[in-house]
Each structure stands twice: as structure tokens, then as C-alpha cells.
Amino acid sequence: MNKILITGTAGFIGFHLVERLLREKDWDIVGLDNLNDYYNITLKYARLNETGISKDKIKYNELIVSTTSKYYRFIKLDLTDKEKILQLFEIEKFDYVINLAAQAGVRYSLENPYSYIESNILGFLNILEGCRRFPIKYLIYASSSSVYGANKKIPFSETDIVDNPISLYAATKKSNELMAYTYSHLYRIASTGLRFFTVYGPWGRPDMAPFIFAKAILEGRPIKVFNNGKMQRDFTYIEDVVEGIYKLLELITSKIKNHEIEVKPNPLILNIGNNEPKSLEYFIELLEKYLGKKAIKEYHPLQPGDLLNTYADIEMIKKFGFKPSISLEVGIKKFVEWYKQYYS
């Protein structure tokens with residue numbers, strides 16, 4: 001059984017990935033999250049509870065936590081705690097690492113820049129150091145479509161030059177890619193970075209548009225529509241994203257088992273998106289349709305750090321078996337059904 005560290009397992013994507021791997025029952029999963037209060041921590045505890053982690057069993061900085069599942073253990077730990085992170089790598093001797101923990105959000109980076117440097121730069125450095133000092137077989141880590149910045153070429157391709165980030169969040173994610181490149185070159189750490197494109201769905205983050213808009217619409221409050229709604233996003237449903245990560249991981253483990261993995265100085269970067277951008281106005285229309293209530297719209301100019309459009313070229317990741325199948329209409333319907341049930 002392969003042992004894997006997944007960081008950010010109380011977060012949106014990390015939680016869903018744990019659920020997916022638990023269905024296979026052939027992974028020894030160690031989950032890690034610092035459970036910060038960037039958004040309502042109750043939702044984070046609820047996600048953990050869904051995967052068998054009881055709130056009353058979680059203790060900060062203890063490297064071993066017993067759970068109700070023999071396949072999943074959870075540790076409350078901050079990535080910036082270098083000593084504890086390295087101890088964890090030494091104790092557990094991981095085969096694989098998937099780093100999803102990060103300080104997220106483009107707009108929040110305008111208000112709290114230091115938290116991004118600490119979590120996304122220092123935290124990722126500690127992960128890389130753990131992988132170097134206690135060698136693993138493969139590292140997968142989260143990047144973001146934000147790295148494309150003001151790129152005018154559509155769709156966004158992994159071969160595009162991304163040297164002009166327009167938010168600090170994007171700058172930290174580009175930095176992660178450069179750091180992974182350096183560690184691959186110096187220490188032969190095989191890695192793949194995933195540029196996620198506007199992931200949404202049940203159990204998502206409350207600071208993202210589906211939550212913010214749904215809550216305001218149901219409460220009869222106005223929603224802020226930036227750039228007069230003339231924006232497009234490559235909305236990617238969470239099940240598609242997680243299945244893509246799983247297929248990538250499955251292929252990597254198979255190649256390693258058959259001694260087919262070659263560590264190159266230039267590690268992989270892959271887009272993971274829906275390849276079908278939709279307008280913000282259409283997104284709002286779908287929310288109105290499934291919530292059964294019209295939105296009160298307040299139009300505002302484009303926010304600093306926001307991209308006008310995102311559109312993923314996914315030809316590269318298709319080679320690893322990724323194939324998005326959930327349309328925005330189906331995805332929003334599923335999200336609204338979950339939202340109403342969870343907040344009932």
C-alpha cells in the first residue's frame with residue numbers, strides 16, 4: 001500500500017480528493033491542514049467529519065492522530081512549521097505527496113500579502129525540503145490559472161510565457177512552479193504542477209462566487225457584478241478536477257512500478273480546466289434558475305488583480321486520461337442542491 005501525504009484536506013479540493021482515494025482502499029493517507037479562519041471554520045470541520053475525522057480528536061501539532069478509518073489519518077499542522085513538517089516526513093516516509101494547501105483568493109492578497117508569502121512560499125519550501133531530505137517517489141502540487149495574468153492568447157497553454165502576474169496570489173503560484181523546477185534540477189524530485197481553472201461545486205469555498213451569490217440572492221441582497229458582467233471563466237466542476245488528479249496519480253504510480261518514470265530538469269506543468277469558458281452573466285442566470293429567485297445586481301468596474309477571461313487548453317492533460325464531463329448547468333444544479341441541504 002502506497003503512503004501519501006495530502007496537504008489541505010480540510011479544504012475544498014483536498015477534501016474531495018481524500019473521498020476519492022478512500023473509495024479505492026489502496027492508499028495509506030495522511031492528511032494535513034492548519035484549519036485557519038480565512039473562512040468559516042465550521043465548514044472545514046464538516047468536511048473532515050465527512051471523511052471520518054471527528055473534531056474532538058484533532059489536536060494541534062501532534063504528528064499522529066487516530067481516526068475511525070485505517071486508511072486515513074489527519075494532522076492539524078501549519079506548513080510554515082519547518083521542524084514539525086520535517087519530523088513528519090522523517091516519521092512517515094511518504095511515497096507520494098500532493099500539496100494542495102495554500103492561502104487562496106486573488107482579492108484577499110491585496111489586503112493580507114504576508115499570509116500569502118508565509119503559506120504559499122515558505123510553506124511550499126518546507127514541503128520541498130521534506131521531499132529532498134526524505135526522498136519520495138513523486139510530488140504533485142497546486143498551481144493556478146491566475147499565473148497567466150494579462151495573457152491575451154486564448155486558450156491559455158502551458159507553453160505560454162507567464163512572467164506577468166497581476167496579483168500577489170498569482171506571483172506566489174508562479175514562484176511555486178519555479179521552486180519545483182529548481183528542486184527537480186538540483187535534487188531530481190519528480191513533480192507535476194496543476195494549474196486549476198475556477199473550481200466549483202458542493203463543499204466549495206464560501207469566498208467564491210457561487211457561495212457569495214447564492215447567499216445574497218436567497219437573502220434578497222444585491223450581488224456585486226464586476227466589469228459589468230463582461231468576464232468569462234473556465235468553470236471546472238470539482239468531480240472532474242478530482243478525477244483528473246486521480247487518473248494522473250494512477251498513471252504515475254503505474255509508471256513508477258514499471259520503472260518508466262524519468263526525472264527531468266523541466267518538470268511537468270498541466271492545465272486542469274473545463275475547456276469551455278462561460279460568461280459571468282450566464283453563470284448568474286443558472287444560479288437564478290436553480291435557486292428559483294432573481295438576483296439584484298450592482299455593476300462595478302473590474303477589480304485589481306482579476307482576469308478578464310480564463311480558458312484552459314487541456315490537450316496535454318488529456319494524455320493522462322483527463323476528460324471533463326460536467327457542464328456548467330449540471331454543475332450549478334448540483335451545487336445549489338447541496339447548498340440548500342447544507343444550509344437548511
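A salt bridge does not link Lys289 with Glu285: every distance from a Lys NZ or Arg NE/NH1/NH2 to an Asp or Glu carboxylate oxygen is 4.0 Å or more. Contact check on Lys153 versus Asp160 returns a salt bridge, with a Lys/Arg side-chain nitrogen under 4.0 Å from an Asp/Glu carboxylate oxygen. The pair Lys278-Glu329 does not count as a salt bridge, with every side-chain nitrogen at least 4.0 angstrom from each carboxylate oxygen. Salt bridge Arg73/Glu92: present, at least one basic N to carboxylate O contact under 4.0 Å. Ion pair Lys319/Glu315 not flagged as a salt bridge, since none of the NZ, NE, NH1 or NH2 atoms sits closer than 4.0 Å to an Asp/Glu carboxylate oxygen. Ion pairing between a basic and an acidic side chain is recognised when a charged N comes within 4.0 Å of a carboxylate O; Arg20 and Glu243 show such pairing. Taking the charged nitrogens against the carboxylate oxygens, Glu288 and Lys294 do have a contact shorter than 4.0 Å, which makes a salt bridge.
In summary, the side chains of Glu83 and Gln87 do present a donor paired with an acceptor at a separation below 3.5 Å, with no hydrogens or angles considered. For the residue pair Asp240/Ser325, the side-chain donor-acceptor check at 3.5 Å is satisfied. Residues Tyr237 and Asn274 bring no donor and acceptor atom of their side chains to less than 3.5 Å of each other. For the 3.5 Å distance criterion, the side chains of Tyr181 and Ser191 fail to qualify, holding no donor opposite an acceptor. Donor-acceptor pairing under 3.5 Å is lacking for the side chains of Tyr187 and Thr182. One side chain, Glu129 or Tyr183, offers a donor N or O that lies under 3.5 Å from an acceptor on the other. In this structure, a donor-acceptor pair under 3.5 Å is present between the side chains of Ser143 and Glu177.
Counting non-hydrogen atoms of other residues, nucleotides and ligands closer than 6.0 Å to NZ of Lys84 gives a total above 12. In Tyr343, the OH atom is crowded: over 12 heavy atoms of neighbouring residues, nucleotides or ligands sit closer than 6.0 Å. Other residues, nucleotides and ligands contribute at most 12 non-hydrogen atoms within 6.0 Å of the NZ atom of Lys333.
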*Would Tyr169 and Gln103 count as a side-chain contact (heavy atoms from CB on, under 4.5 Å) if you check the C-alpha gap in whole Å, the side-chain angles of each, and the deciding distance to 0.1 Å?*
CA-CA 8 Å; Tyr169 170 67; Gln103 178 58 63; over 6 Å; no

*Which is it for Phe322 and Ile272 under the side-chain contact (heavy atoms from CB on, under 4.5 Å) test, yes or no, and what are the steps along the way?*
CA-CA 8 Å; Phe322 176 70; Ile272 185 161; 3.9 Å; yes

*asked:* Between Leu249 and Ile4, is the side-chain contact (heavy atoms from CB on, under 4.5 Å) condition met? List the steps.
replied: CA-CA 11 Å; Leu249 184 60; Ile4 186 168; 3.9 Å; yes

*Might you work through the salt bridge (charged side-chain N to carboxylate O under 4.0 Å, His left out) test for Asp95 and Lys137, ending with a clear yes or no?*
CA-CA 5 Å; Asp95 297 301; Lys137 295 176 181 176; 3.8 Å; yes

*Before giving the answer on side-chain contact (heavy atoms from CB on, under 4.5 Å), spell out for Leu139 and Tyr96 the whole-Å C-alpha distance, their side-chain angles and the decisive distance to 0.1 Å.*
CA-CA 6 Å; Leu139 166 68; Tyr96 298 90; over 6 Å; no

*Just do the salt bridge (charged side-chain N to carboxylate O under 4.0 Å, His left out) check on Glu19 and Arg23 with the steps written out, would you?*
CA-CA 7 Å; Glu19 279 203 321; Arg23 296 209 303 266; over 6 Å; no

*asked:* For Lys255 and Glu250: C-alpha separation, side-chain torsions, deciding distance, then whether salt bridge (charged side-chain N to carboxylate O under 4.0 Å, His left out) applies.
replied: CA-CA 9 Å; Lys255 284 182 173 292; Glu250 192 177 42; over 6 Å; no

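In the hydrophobic cluster analysis, where Ile, Leu, Val, Met, Phe, Trp and Tyr join through side-chain heavy atoms closer than 4.5 angstrom, Ile41 is grouped together with Phe74.
Taking 4.5 Å as the limit, some side-chain heavy atom of Ile53 sits within range of a side-chain heavy atom of Tyr72. You'll find the side chain of Leu79 stays beyond 4.5 Å of the side chain of Leu125, heavy atoms only. Under the 4.5 Å side-chain criterion, counting only non-hydrogen atoms from C-beta, Arg47 is not in contact with Thr51. Tyr45 is not listed as a side-chain neighbour of Asn49, based on a closest heavy-atom distance of 4.5 Å or more. Taking 4.5 Å as the limit, some side-chain heavy atom of Pro210 sits within range of a side-chain heavy atom of Tyr200. Residues Ile6 and Leu32 form no side-chain contact, since every pair of their non-hydrogen atoms from C-beta on lies 4.5 Å or further apart. Counting heavy atoms from C-beta outward, Thr7 and Tyr141 have side chains that stay 4.5 Å or more apart. Inter-residue side-chain proximity for Ile13 and Ile238 is flagged as met; some heavy-atom pair is nearer than 4.5 Å.
Under a 3.5 Å cut-off, the side chain of Ser54 and the backbone N or O of Asp56 do not form any donor-acceptor pair. Side-chain atoms of Asp78 never come within 3.5 Å of backbone atoms of Asp81 as a donor-acceptor pair (strictly under, hydrogens ignored). With hydrogens and angles disregarded, no donor-acceptor distance shorter than 3.5 Å links the side chain of Thr9 to the backbone of Phe15. Judged by distance alone, the side chain of Asn120 and the main-chain N or O of Lys173 form no donor-acceptor pair under 3.5 Å. Not one N or O on the side chain of Asn164 forms a donor-acceptor pair closer than 3.5 Å with the backbone of Gly149. Without hydrogens or angle criteria, Ser175 side chain to Ala171 main chain gives a donor-acceptor distance under 3.5 Å. Side chain of Lys293 to backbone of Leu218: a donor-acceptor contact under 3.5 angstrom is found. For Asp28 (side chain) and Asn2 (main-chain N/O), no donor-acceptor pair under 3.5 Å exists by modelled atom type. Looking at Asn271, its side chain never comes within 3.5 Å of a backbone N or O of Gly273 through a donor-acceptor pair. The closest donor-acceptor contact from the side chain of Ser279 to the backbone of Gln232 lies at 3.5 Å or more, if one exists at all.
The minimum heavy-atom distance linking Tyr116 with Asn112 is given by the pair CD1-O, 3.2 Å. Scanning both residues, Leu35 and Ala10, for their nearest heavy atoms gives CD2-CB, 3.6 Å. Of all heavy-atom pairs spanning Pro202 and Lys334, the tightest one is CG-O, 4.0 Å. Shown here for Ala216 and Pro222, the closest heavy-atom pair between the two residues is CB-O, 4.0 Å. Annotation for Asp234 and Glu276: closest pair OD1-N, 3.2 Å, computed over non-hydrogen atoms. When all heavy atoms of Met179 and Leu128 are compared, the closest pair comes out as CB-CD1, 3.7 Å.
From Thr192, atom OG1 reaches atom CG of Leu251 across 10.0 Å, with rounding to the nearest 0.5 Å. If you take CD1 on Ile127 and CG on Leu86, they are separated by 9.5 Å, rounding to the nearest 0.5 Å.
With Phe335 as the fixed residue, the ring-ring contact (aromatic ring centres under 6.0 Å, His included) test singles out one of Phe235, Phe213, Phe283, Phe211: Phe211. With respect to Trp203, the ring-ring contact (aromatic ring centres under 6.0 Å, His included) criterion is satisfied by exactly one of Tyr339, Tyr342, Phe12: Tyr342.
The aromatic rings of Phe197 and Tyr148 sit tilted, their planes meeting at an angle between 30° and 60°. Classified by interplanar angle (parallel below 30°, tilted 30° to 60°, perpendicular above 60°), the ring pair Phe226/His300 is tilted.
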